[in-house]
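For ligands, and for the atoms within them, numbers begin at 1 and follow the listed sequence.
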Amino acid sequence: MTEESLVCEPARLDWSEPSGPRAADYGDVYFSAEDGLEETRAVFLAGCGLPEAWQGRRHFVVGELGFGTGLSALALWQLWRETRPSGAWLDFVSVEKHPLSRDEAVRAFAAWPDLEPLTTRLLAQWPSRQKGVHRLVFSEDGFAITVVHDAVELALADMDFRADAWFLDGFAPAKNDAMWSQDVLDEVGRLSASGARVGTFTVAGHVRRGLQAAGFEVVKRPGFGRKRERLEAVFPGTPAATMPPPRKVAIIGAGIAGASLARAFAGRGSEVVVFDAAGPAGGASGAPAGLLTPRLERADRPHVRATLAAFDYARRCYEDFDGFYPGGVVRLAKDEREAQRFAGIAALMDERVEWDGAVLQMHAAARIEPARIVAQMLGDVPVHEARVASIAETDGDVQLADADGETLCRADCIV
Ligand SMILES: Cc1cc2nc3c(=O)[nH]c(=O)nc-3n(C[C@H](O)[C@H](O)[C@H](O)COP(=O)(O)OP(=O)(O)OC[C@H]3O[C@@H](n4cnc5c(N)ncnc54)[C@H](O)[C@@H]3O)c2cc1C
Ligand SMILES: C[S@@+](CC[C@H](N)C(=O)[O-])C[C@H]1O[C@@H](n2cnc3c(N)ncnc32)[C@H](O)[C@@H]1O
């Protein structure tokens with residue numbers, strides 16, 4: 001069991017320059033003092049051939065090293081809203097070792113009034129410092145941010161996705177070797193789709209050679225503002241056509257799992273139909289009352305990170321619905337042994353979990369009305385009361401039948 005903290009070390013910011021924050025531990029700025037937003041647009045958006053590269057695509061993935069203030073995410077999101085192909089989805093996947101607090105992000109965003117209302121929407125979902133995956137979904141815009149709180153040199157090896165574009169935005173290589181090592185650049189290559197593009201502000205020789213060794217073709221381009229040069233790189237191959245989402249999806253089970261899936265598929269334009277033997281609210285999720293609490297353990301292990309990530313994600317989802325009552329939950333220790341365990345857990349967490357000697361206070365936890373939330377998640381997705389007894393694959397689709405062999409539905413995909 002590791003006794004390592006479950007939260008990242010916070011960023012240590014120096015605000016002495018009016019143009020924006022500087023990282024005290026790295027001696028470098030988060031964005032250019034000249035015009036950070038314009039530089040982001042030139043180096044990363046234009047550098048990766050955006051928005052042209054996502055025209056005609058149903059799904060596009062942008063990877064980033066160094067989430068920082070979230071300025072690149074905001075600039076990308078703004079461009080996506082202006083030029084998004086109809087019905088398409090953009091996933092932005094970033095990694096950050098020293099997350100900023102929400103208050104620090106508010107302060108940094110004050111410089112970008114043009115990015116409203118996106119800054120407000122991002123701040124409403126601003127992730128905690130918890131290690132691991134944080135997923136922020138903005139369905140109305142077909143946009144999701146997945147930010148992994150960890151060091152890139154640890155995080156990338158466990159990740160599996162294919163980026164169509166990369167923003168390499170660690171601090172200057174001379175000030176932050178770890179972000180630009182050959183191992184990291186090789187992971188960038190492994191996680192790249194055919195034809196992926198890379199944009200970065202640095203032209204350091206070892207970064208150029210490192211990207212080449214990772215399989216990229218690299219070219220220097222004129223830099224932004226007073227910087228002479230920047231880099232663009234392209235992974236070999238041509239971008240593959242993206243698969244459209246399934247036309248029709250059948251889901252068995254109208255509990256929280258089925259309702260979450262129904263919402264996600266419907267949000268991507270699929271026709272969804274749900275079957276439940278007990279009807280809506282018939283299973284465990286039909287309870288009138290429940291608690292949304294993190295499942296805590298005194299260890300930084302993968303399953304603990306996963307359940308904490310799920311807790312944060314559930315909170316963000318439920319906040320949109322009636323039947324969600326934030327305000328915290330307390331847990332009483334039943335004996336001295338449990339008191340010690342709770343004290344140990346609180347020591348690994350941030351201020352959202354506190355041990356006061358008698359109770360474990362989980363400030364971010366909530367009371368919920370599961371049946372109400374599930375009903376709202378399902379929205380107008382039809383729920384048929386029927387027990388699915390068999391599933392058969394036919395030419396190109398799937399067929400569901402009841403115990404009498406009567407066909408209930410045919411669909412392209414079943415969950
Ligand atoms: C008493 C109790 C208290 C709990 N309290 C909490 C709590 O406070 N907080 C918390 O987070 N969790 C709590 N849980 C756990 C939580 O309720 C479950 O983890 C969660 O509801 C599971 O959701 P689900 O969608 O996976 O399954 P369910 O909600 O059980 O949904 C599965 C659905 O599938 C349907 N189904 C199954 N087979 C078929 C078939 N062949 N054809 C058609 N339909 C089918 C069932 O009828 C059912 O409606 C509690 C559980 C129980 C039992
Ligand atoms: C130049 S800033 C990124 C700016 C950011 N893209 C923005 O829009 O504000 C570099 C970021 O990389 C992060 N970082 C530095 N070293 C890291 C590492 N080894 N792993 C992950 N993140 C790291 C820093 O904490 C910082 O947030």
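The number of heavy-atom neighbours closer than 6.0 Å to CZ of R295, taken from other residues, nucleotides and ligands shown, is 12 or below. Remark: E140 CD is packed, more than 12 non-hydrogen atoms of other residues, nucleotides or ligands lying under 6.0 Å away. Counted within 6.0 Å of CZ on R263, heavy atoms from surrounding residues, nucleotides or ligands total more than 12; the atom is thus considered enclosed. In the displayed structure, E217 atom CD is contacted under 6.0 Å by at most 12 heavy atoms of other residues, nucleotides or ligands.
Of the candidates D169, T69, D28, the one placing a heavy atom closest to atom 4 (C) of ligand 2 is D169. Closest heavy-atom approach to atom 13 (C) of ligand 2 within the set H149, E96, E64, K97: this belongs to E96. Comparing S72, G36, G170 against atom 8 (O) of ligand 2, the shortest heavy-atom distance belongs to S72.
For atom 16 (N) of ligand 2, the nearest protein heavy atom (residue, atom name, distance) is N176 ND2, 2.9 Å. With hydrogens left out, the protein atom closest to atom 18 (C) of ligand 2 is M179 SD, 3.6 Å, a heavy atom. The shortest contact between atom 20 (N) of ligand 2 and any protein heavy atom is with V152 N, 2.9 Å. The protein heavy atom nearest to atom 19 (N) of ligand 2 is E153 OE1, 3.0 Å.
Screening residues 385-415 for ring-ring contact (aromatic ring centres under 6.0 Å, His included), with sequence neighbours left out, gives no hits. Sorted by first then second residue, the ring-ring contact (aromatic ring centres under 6.0 Å, His included) pairs that include residues 395-415, not counting sequence neighbours, number zero.
Note on ring orientation: taking the six-membered ring where Trp is involved, the planes of H149 and H134 are tilted (angle from 30° to 60°). Classified by interplanar angle (parallel below 30°, tilted 30° to 60°, perpendicular above 60°), the ring pair F201/F44 is perpendicular. In this pair, Y26 and F171 present their aromatic rings tilted. The plane angle is within the 30 to 60° band.
Every protein residue with a heavy atom nearer than 4.0 Å to ligand 1 is included here: I252, G253, G255, I256, A257, F275, D276, A277, A278, G283, A284, S285, G290, L291, A386, R387, V388.
Listed by number with element, the atoms of ligand 2 under 4.0 Å from a non-hydrogen atom of Y30 are 1 (C), 2 (S), 4 (C), 26 (C), 27 (O). Taking every heavy atom of L71 and a limit of under 4.0 angstrom, the matching atoms of ligand 2 come to 7 (C), 8 (O), 9 (O). Using a 4.0 Å cut-off to heavy atoms of G70, the atoms of ligand 2 that qualify are 7 (C), 8 (O), 9 (O). Shown in contact with F67 at under 4.0 Å from a heavy atom are these atoms of ligand 2, numbered in order with element: 5 (C), 6 (N), 7 (C), 8 (O), 9 (O).
The backbone N or O of L156 lies less than 3.5 Å from a partner atom in the side chain of R190, making a donor-acceptor pair.
The closest approach between L65 and ligand 2 stays at or above 4.0 Å for every heavy atom of the residue. Not close to ligand 2: A11, with no non-hydrogen atom less than 4.0 angstrom away. Y26 counts as a contact of ligand 2, since one of its heavy atoms falls under 4.0 Å from the ligand.
With sequence neighbours left out, the side chain to side chain donor-acceptor pair (under 3.5 Å) criterion links S285 to no other residue.
In this structure, D158 does not pair ionically with R305, as no charged nitrogen and carboxylate oxygen lie closer than 4.0 Å.
Side chain to side chain, E64 and S72 meet the donor-acceptor criterion of an N or O pair below 3.5 Å.
For the pair A151 and ligand 2, the shortest N or O to N or O distance does not fall below 3.5 Å.
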